[in-house]
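As structure tokens, the structure follows; a few thoughts come after it.
All residue numbers in this chain count up from 1 along the given sequence. Small disclaimer: the values here were computed from a predicted structure and weren't measured.
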Amino acid sequence: MKAFESVLGTVRNANGLVTLTLNSRHFANLPTMSAPSNGKSRAVENALAHSIDRSAGTQPAIAGFRTVFGIDLRTLALFRILLGFYLIADICLRLRDLATHYSDAGIMPRIVQLDHLSDGAFSLHLANGSAVFQAGLFGLALVAATCLVIGYRTPVAVVASWILLVSVQNRNTFILSGEDNLAVLLTFWAMFLPLGARYSVDAVLDRALDTYNNNYFSIATLALLVQGMSMYFFSALLKSDDRWIPDGTAVYYALNLEYLVTPFGLWLLQFEPLLRGLTYYVFVLELLGPLLIFSPIFHRTLRPLLMVAFITMHIGFMACLEIGLFPVISIVMNLTFLPSWVWDRAESWLARRRVDSLAIWYDKDCSFCLKSCRMLRMLLFLGPVPVRCAQDDERIGVVLEQNNSWVVTRDGADWLKWDAMRQLVRASPIFSVFALAMSPVWVRKLGDCAYDQIAANRHFFAGISAKLFPWRPVQVKATRMTNGLAATALVFVTIQNISTLPFMNWQLPRQFILVRQALDLYQHWAMFAPYPELTSPWPVIEGRLMNGEPVDVYNRKSGNAERAKPAVVSAVYENYRWRKFLSVLEDQSYQPGRQDLALAYGRYLCRTWNADRESGDRLFTFDIVFGVEFTQPPEYRRLPSTEWSGLMIVLVNRLLFASFCDEDSQ
């Protein structure tokens, strides 16, 4: 029994339940269990694994505080990867309008943005107005996001991603939406978490990393989870209009915003009882879901159910509304609630598909080879497949020396070079389907040639590996400073959220606001609150050339602009960033004073139209007009009507009329 106690530790939790835990430092020195010497050894191994599995599945009736507010390290790895991919997608989508949205030649010159930038806010992108400079910063952001995905120098990558994300958002604040707010907040909290502790390059380079204990709790995990649910809870509290409760017509009004709605959303409008039910469902889920997801009672059941409910709600938003990547980043946030037992079951399934006899052998004099083997094991999800020094086995050592190749052993056979790689892929529970494509003779010959080239230049790669990928530990445990900063930030954002409630009537101090803007921790979750918008606009820009010919400036074509309502209003906008900019421009037209946004947009239209055109074809004057349709109450839709009733509102007339396309304005 004492021998087992050296391998197993007993842990008694606060509820008096005893569980068995693996002691990794002793377990590492045991003979491998994948090849027991006799049937009795196999029976002992199975009994031991069964007892560990049963103890791991034991759950107390009431979950502890650390369980409720902790996050599995594997979940944090998933969060890191998905956040990195989101940042890459966000950057790629922004690159479509690089010069238009971020350079001085576009719709938002720096001088205009600086006049509207909040005190305390910063932006590296405002240092230079050229498109080339902006492209350079976008390139840096792509590098940082890629490092985040693979988990290479994760702490540096997440800090760089946060700085560059805040910077690009502050470069043009008129194209931002809720997704940008949530993305920067998630990236902020990510800086306090050990995102590289699992499934990362960093984890591969830490030879002493504990890979058995995946439970993790810190103030930052609490803050990240609370931040995610705050979005829903405070949004529900802000939904104070009768259209939500008791009328149940909010979803109806949301789907009547034709400048946002998809064809599928328009189709749903015919099911009025369903829309009423969805209104109540969204409101109740946002109000009670954040409370129940932290319930210690029925925690194992409630958490995954509510997580799925929130995720499916966002999938519904994505199907019905053109709101960019907001559903995507919201789903990423919800996946931080993925419980440990889901991973345990997934790994148990993967373990059944692994090959017990598989082993990877490397040259002991090649640190680069060891790192490569550990990297492959991680990327192919090979779990505890042993990576061993070939010289420790007399026979394998001879095979390695004679063939100048690493060795993969499986079912008593030795595999070398490309065939060794093929066997690893074949054994992967995820990527085994690709092994067939690696089998043709010509592919194997190319693979062997590639391996020989790497082996011939092993010292070169070893030098690069030593500099770029040195062995280094991963900091998992949160320090007092990390917990202190996370706790301070959590109190800060909670105050910010409470201050947005109308009945609080708080006036935040200027110093508070300066810190908020500097860290970009602003949040006001008024998503369709207190009620959805009641108008749906679309732009119409009529112009005349120097030769008197009428043109449709918005669609860049000759002839009069069409003022009639488009068949699909949402299709009028080039993308969701343009939709946001033009809707803000339309909103500002109702405000008194100088229309800086319309002025900047008008100058942009002049520059882009007149570039490389003959004098007679140059734009001389134009009007910016918006068609605006007011949503009628549901009862009006039941009345027979053959004519659309709308209102045309001229945003800018004299301000942009005639004088904008002279030489001085360009």
Backbone of Thr100 reached by a side-chain donor or acceptor of Asp97 within 3.5 Å
no

Item checked: Lys/Arg N to Asp/Glu carboxylate O, Arg444 vs Asp419, below 4.0 Å -> yes

Applying side-chain hydrogen bond (donor to acceptor under 3.5 Å, both in side chains) to Tyr199 and not counting sequence neighbours gives Glu347

Mind checking whether Phe469 and Tyr152 have ring centres under 6.0 Å apart?
yes

- Message: Taking CH2 in Trp442 as the centre, count heavy atoms belonging to other residues, nucleotides or ligands within less than 6.0 Å. Is the count above 12?
- Response: no

Heavy-atom nearest pair, Leu376 first then Leu382, reads O-CD1, 4.5 Å

Do Trp189 and Thr221 meet the criterion of a side-chain donor-acceptor pair at a distance under 3.5 Å?
no

Worksheet item: Sub-3.5 Å donor-acceptor pair from the side chain of Arg80 to the main-chain atoms of Leu148, do we have one?
Response: yes

Test side chain to side chain contact (heavy atoms under 4.5 Å, CB included), reference Tyr216, set Asp72, Ile71, Val476, output is Val476

Do Gln517 and Asn170 have a side chain donor and acceptor closer than 3.5 Å? no

Sub-6.0 Å ring centroid separation between Phe133 and His125 = no

For Arg207, the salt bridge (Lys or Arg N to Asp or Glu O under 4.0 Å) test, sequence neighbours excluded, returns none

Whether Glu401 and Lys364 form a salt bridge (side-chain N of Lys/Arg under 4.0 Å from carboxylate O of Asp/Glu) is what I want to check. no

If the threshold is 4.0 Å, N to carboxylate O, is there a salt bridge linking Arg74 and Asp344? yes

Sorted by chain and number, sequence neighbours left out, side-chain hydrogen bond (donor to acceptor under 3.5 Å, both in side chains) with Asn172 holds for none

Worksheet item: With distance as the sole criterion, is a donor-acceptor pair present between the side chains of Ser465 and Lys371 under 3.5 Å?
Response: yes

If you count every heavy atom of other residues, nucleotides or ligands that lies below 6.0 Å from Arg345 atom CZ, does the total exceed 12? no

So, Gln423 and Arg426: side-chain donor and acceptor under 3.5 Å apart, yes or no? yes

Using only atom types and a distance under 3.5 Å, with no angle test, would you say the side chain of Arg377 pairs donor to acceptor with the backbone of Val385? yes

In terms of heavy-atom contacts, Leu87 and Ser161 come closest through CD1-CB, 3.8 Å

Quick note, ring pair (Phe, Tyr, Trp, His ring centres under 6.0 Å) partners involving residues 79-98, not counting sequence neighbours, are none

**Asked** Backbone N or O of Leu124 within a donor-acceptor pair of the Ser167 side chain at under 3.5 Å?
**Response** yes

* Asked: Hey, are Asp448 and Lys417 close enough for a salt bridge, meaning a charged N less than 4.0 Å from a carboxylate O?
  -> no

Count the heavy atoms of every other residue, nucleotide or ligand shown that sit under 6.0 Å from CG of Leu436, and state whether that count exceeds 12. no

Using distance alone, with no hydrogens and no angle criterion, decide if Asn403 and Asp414 have a side-chain donor and acceptor under 3.5 Å apart. no

Next on the checklist: Any side-chain to backbone donor/acceptor pair from Ser357 onto Arg410? Under 3.5 Å, distance only.
Outcome noted: no

Across all chains, not counting sequence neighbours, the salt bridge (Lys or Arg N to Asp or Glu O under 4.0 Å) partners of Glu574 are none

- Gln113 side chain vs Met108 backbone, donor-acceptor pair below 3.5 Å: no

> Would you say the side-chain atoms of Thr336 pair up with the backbone N or O of Met333, donor to acceptor, closer than 3.5 Å?
Replying inline: yes

Residues at least two apart in sequence or cross-chain that pass side-chain hydrogen bond (donor to acceptor under 3.5 Å, both in side chains) with Arg94, listed by chain then number, are Asp90, Tyr102, Asp180

Heavy-atom distance under 4.5 Å between the side chains of Arg388 and Asp392, does that happen here? no

Looking only at atom types and distance, does a side-chain atom of Thr146 sit under 3.5 Å from a main-chain N or O of Leu142, one as donor and one as acceptor? yes

- Message: Any salt bridge linking Arg198 with Asp206? Criterion: basic side-chain nitrogen under 4.0 Å from a carboxylate oxygen.
- Response: no

**Message:** Is a donor from one side chain sitting under 3.5 angstrom from an acceptor on the other, for Asn128 and Ser130?
**Reply:** yes

Give the ring-plane orientation class for Phe188 versus Phe192, where under 30° counts as parallel, over 60° as perpendicular and anything between as tilted.
-> perpendicular

#### Entry: Side chains of Trp415 and Thr409, donor plus acceptor under 3.5 Å
no

